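Here the structure is a predicted model, which means the values were calculated and not measured.
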Amino acid sequence: MIRRIVFGSMVLALSLLMWAEGGAPPVPAAASAKREAVSVRLPGAAFAAMETINPEHIRWHVRFLSHDLLEGRGTGQRGGDIAAEYIATQFAEYGLKPAGDNGSYLQKVPLVGITTLPETQFSLLPKQGSAMNLKPLEEYVAYDQTQQAQSDVEAEIVYVGYGIEAPEYNWDDYKGAEVRGKVLLMLVNEPPSDDPKFFKGKALTYYGRWTYKFEEAARKGAVGVILIHKEDMASYPWEVVRNSNSGEKSYLKLEGPVLKVAAWVQLGVARKLATASGMDLEKMMADARTREFHPVSLGAKLKAHMVSNVRHFESNNVLGVLSGSSRNMKDEAVMYTAHYDHLGIRPDMPGDNIYNGAADNATGCAILLELARAFSVAKDRPGRSIIFAAVTAEEQGLLGSEYLGKHPPVPAGKIALDLNYDDVQPLGAPQEVEVSGAERTTFYPWVQAMAKEFRLAIRPDARPEAGHFYRSDHFSLARVGIPAFSINQGMKFKGHDEAWGLAQDKEYTEKHYHQPSDEYHPEMDFVGDGAMARFGFALGWEAAGFTKLIGWQKGDEFEAARVKSQE
């Protein structure tokens with residue numbers, strides 16, 4: 001174990017400064033005497049390094065990464081490549097060792113870019129009435145996942161409710177129905193519940209994510225999926241669906257079954273299709289909420305001619321490592337992650353067509369860089385090595401982190417913890433921290449103790465129905481067994497009440513999330529980003545000194561993957 005040092009007057013002298021930046025530092029050893037088993041007392045070298053974390057450093061990284069010159073940091077686009085080189089250069093300046101391919105900081109991620117072309121035709125043929133020839137972006141979005149230039153589909157549409165098969169919840173929307181070669185109409189999200197033992201109550205599980213629904217349908221042999229967008233169920237407006245699916249979409253190279261048509265439609269389109277099929281959409285949605293639901297054929301067909309531009313290319317994860325000090329543990333690691341990509345530039349869009357991604361996720365990258373710098377200046381090093389990973393293609397479906405999880409620089413079974421940063425709003429000094437998913441790990445008591453020492457209340461996920469745990473890069477690492485979660489602020493900030501924080505979150509989601517207006521402004525207050533960096537620094541250093549590797553709680557959905565990774 002790393003020796004713990006009592007700081008005494010140094011801690012007291014610095015505490016007011018730390019509190020002004022959104023959190024107090026870990027207290028002296030004497031103040032933690034009642035918590036012997038869960039110690040969060042940082043050694044002097046770690047504390048001194050943590051003190052160098054500066055919100056203004058974070059600001060200037062955000063300013064550059066979200067500048068118009070980087071054209072929205074699109075995956076496989078010039079701006080994204082510039083961002084990767086910038087991050088690699090910073091890693092080199094901090095003295096991190098390259099952890100990418102062939103002695104470099106870059107880990108090549110082979111991708112296939114798919115752009116749905118205007119020649120695509122997408123028609124719903126109901127049982128009654130004329131064909132519904134849908135307008136792209138306005139009424140539907142669709143991609144061909146087969147990575148072929150053209151695909152044709154003319155297949156029966158079957159409504160499968162939420163499209164979920166979850167034995168652990170005694171839930172099966174498919175009921176053994178033969179769906180091979182068919183197009184499945186389904187709802188986003190999952191059956192509503194307040195029971196934490198049933199799909200985790202209000203918290204969205206992976207079963208509610210659109211990625212799961214596409215994957216499960218493909219596994220069952222369906223040729224297409226049409227998701228019905230309903231704003232309260234999706235947790236975001238149609239504009240987010242449109243903007244996230246209106247340009248090139250990237251995929252890893254094929255490794256399993258995929259769909260010829262992976263689509264979303266507006267709620268009004270689904271309602272019109274249901275009516276033309278002699279059905280009522282409201283009743284269909286109500287029926288899907290019960291275990292007795294069975295798949296229903298609409299007697300309608302989808303006729304689609306998918307025409308795509310297919311581009312094979314490589315993007316890069318950026319990986320740097322700070323070697324650990326322990327002879328027995330330096331081949332193990334704690335990892336920090338953040339995605340650097342955003343949605344790029346849309347040449348066909350009038351007006352401001354650069355998706356700068358200042359909050360999402362220049363903030364997370366800037367925190368990652370500041371953490372790397374702070375660890376590098378520490379006079380001593382933690383026991384385990386520290387990996388810093390800026391990943392690509394998160395906006396394309398967590399692809400960069402998925403590739404990293406399958407090709408980590410240290411075997412997954414030897415990575416103690418992944419701490420991820422994504423979209424940390426520059427709103428001032430936070431009084432809460434969100435660490436959703438941390439409670440699923442054996443590390444949670446230390447997270448709780450550290451939050452207390454920083455005078456940060458742990459806030460439950462502000463929007464559990466949005467399924468944030470399954471929407472950021474830590475999820476990719478969790479899937480291969482690595483204990484992982486994101487660190488972010490809650491909704492209460494110094495000088496403001498909770499209602500103010502909730503209003504800021506609502507305004508950002510409705511007006512700026514995945515919009516060109518997510519831009520850097522000089523008046524942004526990065527004090528909170530600095531506080532989250534310090535909190536994560538302290539957690540990472542703590543985890544890097546544990547004598548045993550962290551795990552998932554018994555019975556957690558990722559426990560089996562953790563066990564497998566350590567075999």
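Between D101 and K108 there is no salt bridge, since no side-chain nitrogen of the basic residue lies less than 4.0 Å from a carboxylate oxygen of the acidic one. Between R373 and E370, at least one side-chain N (NZ, or NE/NH1/NH2) sits under 4.0 Å from a carboxylate O, which counts as a salt bridge. Electrostatic pairing of E332 and R384 counts as a salt bridge here, judged by a charged N lying under 4.0 Å from a carboxylate O.
Between F64 and W60, the gap from one ring centroid to the other reaches at least 6.0 Å. The six-membered or imidazole ring of Y86 lies away from that of Y340, with a centre-to-centre distance of 6.0 Å or more. Residues Y212 and Y470 keep their aromatic ring centres 6.0 Å or farther apart. A distance below 6.0 Å separates the ring centres of Y336 and F375. With ring centers used as reference points, H474 lies under 6.0 Å from F469.
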Chi angles and distances behind the side-chain contact (heavy atoms from CB on, under 4.5 Å) call for V435, F535 | CA-CA 11 Å; V435 286; F535 181 68; 4.2 Å; yes
Please walk me through it: do Y508 and D423 pass side chain to side chain donor-acceptor pair (under 3.5 Å)?
-> CA-CA 11 Å; Y508 173 76; D423 203 344; 3.1 Å; yes
Test side-chain contact (heavy atoms from CB on, under 4.5 Å) on Q431 and Q489 and set out the steps.
-> CA-CA 8 Å; Q431 296 178 327; Q489 305 158 132; over 6 Å; no
Kindly determine whether K554 and E559 satisfy side-chain contact (heavy atoms from CB on, under 4.5 Å), including the steps that lead there.
-> CA-CA 7 Å; K554 187 173 179 59; E559 182 191 19; 3.9 Å; yes
Is there a salt bridge (Lys or Arg N to Asp or Glu O under 4.0 Å) between D194 and K202 once you walk through the steps?
-> CA-CA 6 Å; D194 292 324; K202 292 184 180 299; 2.9 Å; yes
Evaluate the criterion side-chain contact (heavy atoms from CB on, under 4.5 Å) for residue pair Y520 and H67; output intermediate values, then yes/no.
-> CA-CA 8 Å; Y520 168 79; H67 197 282; over 6 Å; no
Going through the checks in order, is the ring pair (Phe, Tyr, Trp, His ring centres under 6.0 Å) test met by Y206 and F475?
-> CA-CA 10 Å; Y206 187 54; F475 174 55; 4.7 Å; yes
E190 and K200: CA distance, side-chain angles, deciding distance, salt bridge (Lys or Arg N to Asp or Glu O under 4.0 Å) verdict = CA-CA 10 Å; E190 60 198 13; K200 297 186 180 179; over 6 Å; no
Given the rule in the salt bridge (Lys or Arg N to Asp or Glu O under 4.0 Å) test, do E239 and K511 qualify, once you have shown the distances and angles that lead to the verdict?
-> CA-CA 10 Å; E239 286 73 20; K511 297 182 180 180; over 6 Å; no
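Using a 4.5 Å heavy-atom threshold, the side chains of W541 and L42 count as touching. Looking at heavy atoms from C-beta onward, L399 lies in side-chain contact with L111 at the 4.5 angstrom threshold. Two residues are said to be in side-chain contact when any heavy atoms from C-beta on lie closer than 4.5 Å; L369 and F91 meet this criterion. Side-chain contact between V433 and I487: present, with at least one pair of heavy atoms (C-beta onward) separated by less than 4.5 Å. At a threshold of 4.5 Å between non-hydrogen side-chain atoms, the residues S325 and K330 do not count as touching. Between C365 and L65 the shortest side-chain heavy-atom distance falls below 4.5 Å. With a 4.5 Å cut-off on side-chain heavy atoms, L319 and L404 count as touching. Side-chain atoms of I387 and L322, non-hydrogen and from C-beta on, never get closer than 4.5 Å to each other.
A distance-only check finds no donor-acceptor pair linking the side chain of N316 to the backbone of V318 [under 3.5 Å]. With hydrogens and angles ignored, the 3.5 Å screen pairs no side-chain donor or acceptor of R59 with any backbone N or O of N54. Remark: the backbone N or O of Y421 is paired with a side-chain donor or acceptor of N361 at under 3.5 angstrom. A distance-only check finds no donor-acceptor pair linking the side chain of H342 to the backbone of G344 [under 3.5 Å]. One N or O on the side chain of D341 and one on the backbone of E394 form a donor-acceptor pair closer than 3.5 Å. Checking side-chain atoms of S565 against main-chain N and O of R562 turns up a donor-acceptor pair under 3.5 Å. A donor-acceptor pair under 3.5 Å is absent between the side-chain atoms of D505 and the main chain of G501, judged by distance alone. Of the possible polar contacts, none joining the D422 side chain to the S472 backbone as a donor-acceptor pair under 3.5 Å is found. For E432 (side chain) and M491 (main-chain N/O), a donor-acceptor pair under 3.5 Å exists by modelled atom type. Put simply, the side chain of Y355 never gets that close to the backbone of R73: no donor and acceptor are under 3.5 Å apart.
For the atom pair Y169 OH and F198 CZ, the distance stands at 9.0 Å (nearest 0.5 Å). Here CD of E453 is found 12.5 Å from CD of Q448. Values are rounded to the nearest 0.5 Å. Distance CG/L70 to CD1/I82: 5.0 Å, rounded to 0.5 Å. Here CZ of F537 is found 12.0 Å from CG of L419. Values are rounded to the nearest 0.5 Å. Rounding to the nearest 0.5 angstrom, the gap separating the CG atom in D81 from the CD atom in E314 is 10.5 Å. In this structure, the separation between CD1 on I354 and CD on E519 is 8.5 Å, given to the nearest 0.5 Å.
Between the side chains of Y105 and Q90, no donor-acceptor pair of N or O atoms lies under 3.5 Å.
Every residue meeting the side-chain hydrogen bond (donor to acceptor under 3.5 Å, both in side chains) condition with K414, not counting sequence neighbours, appears here in chain and number order: D331. Scored by the side-chain contact (heavy atoms from CB on, under 4.5 Å) test, E523 finds H521 as partners (sequence neighbours excluded). Applying the salt bridge (Lys or Arg N to Asp or Glu O under 4.0 Å) test to R209 and every residue at least two apart in sequence or in another chain returns nothing. Scored by the side-chain hydrogen bond (donor to acceptor under 3.5 Å, both in side chains) test, D195 finds no partners at all (sequence neighbours excluded). Not counting sequence neighbours, R63 has no partner by the side-chain hydrogen bond (donor to acceptor under 3.5 Å, both in side chains) test. Looking at residues two or more places apart in sequence or on another chain, you find a side-chain hydrogen bond (donor to acceptor under 3.5 Å, both in side chains) between T392 and S315.
Of the options D473, N420, T75, D360, a side chain to side chain donor-acceptor pair (under 3.5 Å) to H339 is made by D360 and by none of the others. When the options D529, I58, V527 are evaluated for a side-chain contact (heavy atoms from CB on, under 4.5 Å) with P426, the one that passes is D529.
Contact between A438 and Y444 at its shortest, heavy atoms only, is O-CB, 3.3 Å. In this structure, R440 and D556 approach most closely via the heavy-atom pair NE-OD1, 2.8 Å.
The number of heavy-atom neighbours closer than 6.0 Å to CG of N102, taken from other residues, nucleotides and ligands shown, is 12 or below.
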